[in-house]
Colleague: 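Have a look at the structure that comes next, please.
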Amino acid sequence: MKKHNFYAGPSILSEYTIKNTAAAVENFAGTGLSLMEVSHRGKEFVAVMDEARALVKELLDVPESHEVIFLGGGASLQFCMVPFNLLNRKAAYLDSGTWASKAIKEAKFFGEVEVVASSKDRNYSYIPKNYTISPDAEYFHITTNNTIFGTELHHIPDVSVPLVSDMSSDIFARPVDVSRFDVIYAGAQKNLAPSGVAVVIVRRDALGRVERPIPSMLNYRIHVDNGSMYNTPPVVPVYAALQTLKWYKEQGGITVIQQKNIEKATILYDEIDRNRLFTGTAAVEDRSLMNVCFVMKEEYKALESAFNEYASARGIVGIKGHRSVGGFRASLYNAMPKSSVEALIEAMKSFEQTV
Ligand SMILES: *Cc1c(COP(=O)(O)O)cnc(C)c1O
């Protein structure tokens, strides 16, 4: 039976990505060798890295002022690399969820951190608004999509300091004005590739401003100057990322993908709001298009595990909510077909009939 994959991360990838990557693991670019056993300095892999970087630029309309690099260590390493490279004295952070608070914790190793607002008071179920940022903050760090709590910034805040964003779970899900950011980073395992790599977009002239020495592997400039090949990159995830990027381009680009994402999320939220068993957990105006969090209403709470089993018998996997929210989380990343969302909706409707 075909599985409907709603895992939050690592998560669904396009068939195109999986098939082409599997083929290259067996025979890479006609070399007769596996992608895993050839030099990353060979012309075949250099071409992969160059094309992947170029496609990120093309799909997100990255201006000339910015560079694209692929780095190991996931998004969590960026929690530390960002302040290591950009924070001299003070930076502002928005505490909108678990990942944001982890980024805050790391930044504190490097300087003063001004947490301008937090939604922790209501278990991160909304995006804080109406805050002020000190004009002397060197950057303002946001998390555009809060994977665990299912909230998303639908508008990039209008602030006077440069922005830095963790876009791990909504990069390539909608167009973004990259010129407003000093750094955008994303772990690959939600909308791009298997885990093991992060894509980082960095403004060249934001670098070189901090006074501290930066170890080479943690220095953006070193990776930029070496074309993202300072050391051996994670070749299989980068190859897979290239396949996903090609597939995005084939679909018509990020605006087309955004339209599909809106459609998928809308039909699922409509069903959550209609169905008498379920209720959404995120503030309606901040609902994420990527991670849809919902629970059973108080009077039906005891049925949560029964619904999980009911859904899994229909090939629906990965909808169990994160332990800090409970209930259910359906992740609708770019590679998720609308038919899988419809299968989940169908299961919600038919389960309601049984109660
Ligand atoms: C998954 C996730 C992370 C953590 O990514 P790693 O690659 O595991 O370090 C960080 N931020 C957000 C928003 C995420 O969704």
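The first residue in the sequence is number 1, and the count goes up from there. Counting starts at 1 for both ligands and their atoms, following the listed order. Since the model is a prediction, treat every value here as computed from it, not as a measurement.
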Colleague: Just to verify, which of V176, I142, T143 counts as forming a side chain to side chain contact (heavy atoms under 4.5 Å, CB included) with M167?
Modeller: V176
Colleague: How close does the nearest protein non-hydrogen atom get to atom 9 (O) of ligand 1, and which residue and atom is it?
Modeller: S76 OG, 2.6 Å
Colleague: Nearest protein heavy atom to atom 15 (O) of ligand 1, by residue and atom, and its distance?
Modeller: T147 OG1, 2.4 Å
Colleague: Should one rank V197, D166, N291 by closest heavy-atom distance to atom 12 (C) of ligand 1, which comes out on top?
Modeller: D166
Colleague: For residues Y300 and F307, establish whether the separation of their ring centroids is below 6.0 Å.
Modeller: no
Colleague: Does F79 approach ligand 1 within less than 4.0 angstrom via side chain, backbone, both or neither, non-hydrogen atoms only?
Modeller: side chain
Colleague: Any salt bridge linking K320 with E304? Criterion: basic side-chain nitrogen under 4.0 Å from a carboxylate oxygen.
Modeller: no
Colleague: May I ask you to establish whether R41 and F45 are in a cation-pi arrangement, using a distance under 6.0 Å from NZ or CZ to the six-membered ring centre and at most 45° from the ring axis?
Modeller: no
Colleague: What residue and heavy atom of the protein are closest to atom 5 (O) of ligand 1, and at what distance?
Modeller: A75 CB, 3.5 Å
Colleague: Can you tell me if R221 uses its side chain to pair, donor with acceptor, with the backbone of G208 under 3.5 Å?
Modeller: no
Colleague: For G187, is at least one N or O under 3.5 Å away from an N or O on ligand 1?
Modeller: no
Colleague: With the threshold set at under 4.0 angstrom, would you say I148 reaches ligand 1 through any of its heavy atoms?
Modeller: no
Colleague: Does an N or O anywhere in Q189 fall below 3.5 Å from an N or O of ligand 1?
Modeller: yes
Colleague: Provide the closest heavy-atom pair for A52 versus F70 in the form atom of the first, atom of the second, distance.
Modeller: CB-CE1, 3.8 Å
Colleague: Can we say K102 and D166 salt-bridge, meaning some charged N sits less than 4.0 Å from an Asp/Glu carboxylate O?
Modeller: no
Colleague: Quick one: look at K102 and ligand 1, take heavy-atom pairs under 4.0 Å, and tell me if it's side chain, backbone, both or neither.
Modeller: neither
